Amino acid sequence: MHSNLFAYFATTDAVYQKLLADTKADSQKLTFLQLLFGLSLIGALTDFGGASKALWFFAVLFGLQALQFFIDQSNRNFLLHWIEFERRLHAERNH
């Protein structure tokens, strides 16, 4: 879902800080989802306690959620680099 961050923040610096904070917060969520995915996958592959089907379900669920967070993080990271590039370009043009 698109949200115009400039409607909530007055400056590029404030938007940059918000994107950076969201990226850091999502890094922790992504790590946790990857851990759950890995444990579920290992459990499904080893048929841990006969619960293979349930563990496959959770492995797919956590894997897809981790993929979604990774894509969101990649997009945010691109925007952070773009803002840095624009700042640098603006600074070089003004010198």
Side-chain angles (χ1 to χ4, degrees):
M1 179 165 106
H2 173 74
S3 181
N4 182 2
L5 293 177
F6 288 99
Y8 302 101
F9 302 99
T11 66
T12 303
D13 288 334
V15 170
Y16 182 88
Q17 291 305 318
K18 175 63 175 157
L19 290 170
L20 189 59
D22 287 349
T23 299
K24 288 179 181 179
D26 280 354
S27 291
Q28 294 173 351
K29 293 175 189 174
L30 179 60
T31 301
F32 183 67
L33 286 170
Q34 289 172 331
L35 175 67
L36 292 176
F37 167 71
L39 292 174
S40 299
L41 185 61
I42 289 170
L45 290 172
T46 59
D47 197 20
F48 184 72
S52 178
K53 289 181 183 176
L55 290 171
W56 275 114
F57 170 77
F58 286 115
V60 170
L61 178 71
F62 294 136
L64 290 174
Q65 287 180 335
L67 182 61
Q68 178 186 356
F69 271 98
F70 175 77
I71 291 169
D72 288 344
Q73 257 193 319
S74 295
N75 291 338
R76 256 189 250 112
N77 190 45
F78 173 79
L79 290 173
L80 290 169
H81 286 295
W82 183 258
I83 290 170
E84 291 167 356
F85 171 77
E86 287 290 324
R87 286 179 180 168
R88 179 67 180 236
L89 187 62
H90 181 72
E92 288 177 1
R93 286 182 179 169
N94 289 334
H95 279 79

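For the numbers below, each heavy atom of this structure counts, side chains included, while hydrogens, waters and symmetry mates do not. Computed from a predicted model, the values in this text were never measured in an experiment.
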Checklist entry - Glu84 and Tyr16: side chain to side chain contact (heavy atoms under 4.5 Å, CB included), yes or no, with the steps? => result CA-CA 9 Å; Glu84 291 167 356; Tyr16 182 88; 2.5 Å; yes

Checklist entry - Which pair of non-hydrogen atoms, one from Asp26 and one from Arg76, has the smallest distance, and what is that distance? => result OD2-NH2, 2.7 Å

Item to check | Distance-minimising heavy-atom pair for Leu41 and Ala59 | outcome: N-CB, 3.9 Å

Next on the checklist: Membership question, hydrophobic clusters at under 4.5 Å side-chain separation (ILVMFWY): are Leu35 and Leu61 in the same one?
Outcome noted: no

Next on the checklist: If you compare all heavy atoms of Ser40 against all heavy atoms of Phe58, which two are closest, and at what distance to 0.1 Å?
Outcome noted: OG-CB, 3.7 Å

Checklist entry - Would Asn77 and His81 satisfy side chain to side chain contact (heavy atoms under 4.5 Å, CB included), going step by step from the backbone distance to the final call? => result CA-CA 6 Å; Asn77 190 45; His81 286 295; 3.5 Å; yes

Checklist entry - Between CZ of Phe32 and CZ of Phe62, what distance do you get to the nearest 0.5 Å? => result 7.5 Å

Item to check | Verify same cluster id: Phe57, Leu36 (apolar side-chain graph, 4.5 Å) | outcome: yes

Checklist entry - Which pair of heavy atoms, one from Ile83 and one from Leu19, lies closest together, and at what distance? => result CD1-CD1, 4.1 Å

Checklist entry - Do you reckon Val60 sits in the same ILVMFWY cluster as Ile42, going by side-chain contacts under 4.5 Å, direct or chained? => result no

Checklist entry - Could you give the distance from CG (Asn94) to CG (Leu89), rounded to the nearest 0.5 Å? => result 9.5 Å

Item to check | N-O pairing of Arg88 and Glu92 below 4.0 Å | outcome: yes

Checklist outcome for this item: Heavy-atom nearest pair, Leu30 first then Gln73, reads CD2-OE1, 3.1 Å

Item to check | Phe69 CZ to Leu64 CG distance, which is reported to the nearest 0.5 Å | outcome: 13.0 Å

Item to check | Flag side-chain contact, heavy atom, 4.5 Å: Tyr8 against Lys18 | outcome: no

Checklist entry - Same cluster for Leu45 and Phe37 if Ile/Leu/Val/Met/Phe/Trp/Tyr side chains link at under 4.5 Å? => result yes

Next on the checklist: Please determine whether side chain to side chain contact (heavy atoms under 4.5 Å, CB included) holds for the pair Phe70 and Asn75, giving the CA-CA distance in whole Å, both sets of side-chain angles, and the decisive distance to 0.1 Å.
Outcome noted: CA-CA 9 Å; Phe70 175 77; Asn75 291 338; over 6 Å; no

Checklist entry - Gln17 versus Leu20: any side-chain heavy-atom pair under 4.5 Å? => result yes

